[in-house]
Amino acid sequence: MGNASSILTEAETRHLMRRAGFGAPPKDVAKLVKRGLTRGELVDKLLKFQAKPIKVGKKDDLDDVYDRWLELMLKTKTPLLEKLVLFWHDHFATANAKVQSTERMARQNALLRAMAKGSFRQFLKSISRDPAMLDFLDTLRNRPKTPNENYARELLELFSLGVFDEAGQPNYAQEDIVQIARAFTGWRLDDDGNPVFREDRHDYNADYPERGPKVIFTTYGGFGAGGVDFAAAGEGAGEIDRVIDALLSHRDSEGQSTVGRRMTRRLFEYFAWSAPSTALVDALLSMSGFATTWDVGVLVKTILTHDAFYETALPLHAGGTKKSVKWPIDYVVSTLRLLKVVPKRRKYVGLALEDSDSLRGHLDDMGQRLFDPPSVFGWDWEAAWISSATLLARFRFMRDLAATRVKGKRGFHPEKLMPMDLQAPGAILDAASALLGLTDQLSPDERTALIDYLSDGGTVSALNLNDLDTRGRKLHGLFALLLQSPAHQLH
């Protein structure tokens with residue numbers, strides 16, 4: 001048993017750096033362990049960031065913004081910020097396929113950065129007025145005479161409550177969606193793309209008395225039969241804030257904070273593993289005080305210092321079933337960082353490896369395109385990341401990466417990352433797998449198969465890695481196999 005005051009072991013440090021960032025080379029892990037940091041101290045260090053927006057070039061090109069975000073992830077010294085922005089990009093999913101505006105998508109990314117570890121209450125209020133969101137979920141097309149319920153529905157279903165609570169009971173009714181949609185009428189964008197409230201386009205009760213007062217949660221929500229009248233303190237632009245406040249006060253069928261439980265579960269599943277018990281969710285929620293403060297940073301720290309988070313450090317072959325499939329972005333960025341390969345901007349292609357498709361193209365094939373999630377539900381996680389097509393795409397990328405031989409930082413040079421005087425196949429495998437943080441994750445059968453590969457089935461007892469032909473065939477080949485292994489697909 002441990003807590004935030006527990007001294008991190010080497011395996012725990014490597015695990016934390018992998019899940020809360022994009023991994024760390026063995027030397028960096030060793031330095032952190034040598035400092036004797038506690039779980040809490042290292043997480044505080046990772047959470048110590050100040051968000052700045054991505055630099056946007058002069059040309060109106062979302063692919064350029066995409067590449068700039070990828071470059072930022074490859075170089076950043078605050079990887080937990082990027083991991084949180086990825087989470088929020090999925091949680092508050094909007095797609096440029098509909099928004100069709102580089103400026104709005106980049107502006108939303110800046111908002112996700114600014115709010116990544118702050119108040120979830122303020123985050124909900126801000127995202128509800130975000131220009132890309134106003135467009136994507138049709139608030140701009142929500143008129144009092146022709147109500148559009150898209151945003152109200154997703155606000156309840158995806159962004160806050162969820163359809164059902166932990167006990168499987170519904171959290172809201174269709175009538176709640178209708179009433180909340182009324183509160184979001186009147187919002188438009190001015191000529192500079194900023195959100196503005198137009199009183200003449202708002203659903204005031206005086207104009208539509210037949211619809212009655214805007215009252216929500218008369219059926220579900222722990223507010224009693226009277227529900228919540230969020231327009232009672234004044235109709236107009238402020239109704240959005242009162243809707244959000246009501247959502248955060250919602251209690252589920254077991255009397256617990258509905259939003260608190262749901263966001264704790266989602267963040268835990270993102271950083272750790274899927275389907276945690278309700279008891280664990282409640283413990284994390286209580287320890288963090290999230291349902292009172294709505295402080296995302298404190299909730300993240302509570303998750304990353306809890307024993308449950310470190311359960312995934314065990315390998316699959318040793319019974320470590322609580323694994324998580326790496327997102328394509330994580331798979332690509334963490335590998336490039338560990339192997340110190342820096343993609344180059346190529347004309348008409350964008351960010352790419354030597355003689356390879358753009359990183360965007362590779363990630364498309366793996367099932368993830370930034371700024372264009374498949375729907376408002378975001379991406380499906382875990383096993384959904386892996387299919388015959390996406391797995392083949394992962395293999396193709398790692399094959400190309402292992403074969404990148406160009407001189408300098410654009411190429412893959414294992415001789416700069418591990419000793420070349422190793423000769424025994426087992427020792428070479430240990431050094432290569434340690435570089436990727438996989439040494440303790442390979443099964444005995446996998447280890448035997450990889451040694452057989454290096455030794456040509458046991459006929460070669462020593463390899464000369466200083467021989468360029470041997471290095472090119474065997475060592476680069478070994479890395480290609482390790483990068484394609486099941487262990488490297490998982491956290």
Side-chain angles (χ1 to χ4, degrees), residues 17-24 46 49 51 54 62-97 105-106 108-110 112-113 116 266-267 269-272 274 323-343 345 350-353 356-375 377-387 389-398 400-401 436-437 483-484 488-491:
M17 296 304 290
R18 185 160 48 208
R19 299 308 308 270
F22 298 108
L46 294 172
F49 55 73
I54 299 172
L62 192 63
D63 284 345
D64 182 60
V65 179
Y66 187 135
D67 285 345
R68 288 173 186 269
W69 189 6
L70 271 177
E71 283 184 311
L72 183 56
M73 285 189 267
L74 289 167
K75 297 176 181 176
T76 185
K77 294 181 179 179
T78 56
L80 182 50
L81 167 60
E82 301 307 320
K83 279 292 186 76
L84 283 168
V85 176
L86 284 169
F87 172 82
W88 293 121
H89 180 38
D90 178 81
H91 185 75
F92 296 119
T94 56
N96 192 57
M105 298 305 293
Q108 184 182 80
N109 187 273
L112 303 184
R113 290 173 181 281
R266 280 186 61 77
L267 278 162
E269 290 185 331
Y270 177 68
F271 282 111
S274 63
K323 290 293 185 182
S324 182
V325 179
K326 290 178 183 174
W327 290 27
I329 289 284
D330 203 354
Y331 181 67
V332 169
V333 172
S334 62
T335 307
L336 290 171
R337 285 173 63 110
L338 283 174
L339 299 186
K340 299 187 183 303
V341 176
V342 179
R345 280 183 181 270
L351 214 55
L353 301 174
S356 179
D357 296 333
S358 70
L359 293 190
R360 281 180 273 108
H362 281 293
L363 287 163
D364 281 356
D365 293 341
M366 295 180 203
Q368 186 166 36
R369 185 174 183 81
L370 297 179
F371 298 107
D372 263 320
S375 74
F377 293 92
W379 291 279
D380 291 334
W381 297 3
E382 299 300 347
W385 286 122
I386 300 296
S387 68
T390 59
L391 191 58
L392 186 60
R394 289 182 180 225
F395 288 179
R396 280 199 302 267
F397 176 75
M398 290 307 170
D400 290 352
L401 174 57
L436 298 170
L483 296 172
Q484 295 170 352
H488 193 56
Q489 316 301 318
L490 304 173
H491 280 299

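The structure displayed is predicted, hence computed values, not measured ones.
- Here CG of Asp63 is found 12.5 Å from CZ of Arg68. Values are rounded to the nearest 0.5 Å.
- Counting all heavy atoms, side chain and backbone alike, Ala383 lies closest to Val325 at N-CG2, 4.3 Å.
- Taking both residues in full, the closest heavy atoms of Phe371 and His89 are given as N-NE2, 2.9 Å, listed atom of the first, atom of the second, then distance.
- With Glu82 contributing its side chain and Met73 its backbone, the two residues share no donor-acceptor pair below 3.5 Å.
- Taken from CG in Leu338 to CG in Leu436, the straight-line distance is 6.5 Å, to the nearest 0.5 Å.
- Not a single donor-acceptor pair under 3.5 Å links the side chain of Arg360 to the backbone N or O of Leu370.
- Side-chain contact between Leu336 and Leu359: present, with at least one pair of heavy atoms (C-beta onward) separated by less than 4.5 Å.
- With rounding to the nearest 0.5 angstrom, the CD atom of Gln108 is 5.0 Å from the CG atom of Leu112.
- Between Leu401 and Leu339 there is a side-chain heavy-atom pair separated by less than 4.5 Å.
- Classification of the Phe397-His362 ring pair by plane angle, with boundaries at 30° and 60°, yields perpendicular.
- Judged purely by atom type and a 3.5 angstrom limit, Tyr66 has no side-chain atom pairing as donor or acceptor with the backbone of Arg369.
- Residues Leu70 and Val333 have side chains in contact (heavy-atom distance under 4.5 Å, counting atoms from C-beta outward).
- The minimum heavy-atom distance between Leu46 and Ala20, with the atom names listed, is CD1-CB, 4.0 Å.
- The aromatic rings of His91 and Trp88 sit perpendicular to each other, their planes meeting at more than 60°, with 30° as the lower class boundary.
- Contact record, Leu80 with Phe49: C-CE2, 4.3 Å, taken as the closest heavy-atom pair.
- Residue Ser324 forms a side chain to side chain donor-acceptor pair (under 3.5 Å) with just one option from His491, Glu382, Glu269, and that option is Glu382.
- A pairwise comparison of heavy atoms in Pro373 and Gly378 identifies CB-CA, 4.1 Å as the closest pair.
- Here the CG-CG distance, from Asp372 to Asp364, works out to 9.0 Å after rounding to the nearest 0.5 Å.
- Side-chain contact of Asp90 with Trp381: a donor-acceptor pair under 3.5 Å is present, judged by distance alone.
- Of the possible polar contacts, one joining the Gln484 side chain to the Phe395 backbone as a donor-acceptor pair under 3.5 Å is found.
- Taking 4.5 Å as the limit, every side-chain heavy atom of Thr335 sits out of range of all side-chain heavy atoms of Arg394.
- Here the side chain of Ser334 pairs a donor or acceptor atom with the backbone of Asp330 at under 3.5 angstrom.
- Using the six-membered ring where Trp is involved, Trp327 and Trp385 have ring planes that are tilted, between 30° and 60° apart.
- At a threshold of 4.5 Å between non-hydrogen side-chain atoms, the residues Thr390 and Asp365 do not count as touching.
- Rounding to the nearest 0.5 Å gives a distance of 8.5 Å between CZ of Phe87 and CZ of Phe92.
- Rounded to the nearest 0.5 angstrom, Asp380 CG and Gln368 CD are separated by 11.5 Å.
- Residues Gly21 and Pro79 share a closest heavy-atom pair of CA-CB, 3.6 Å.
- Using a distance-only test at 3.5 Å, with no hydrogens or angles considered, no donor-acceptor pair links the side chain of Lys326 to the main chain of Gln489.
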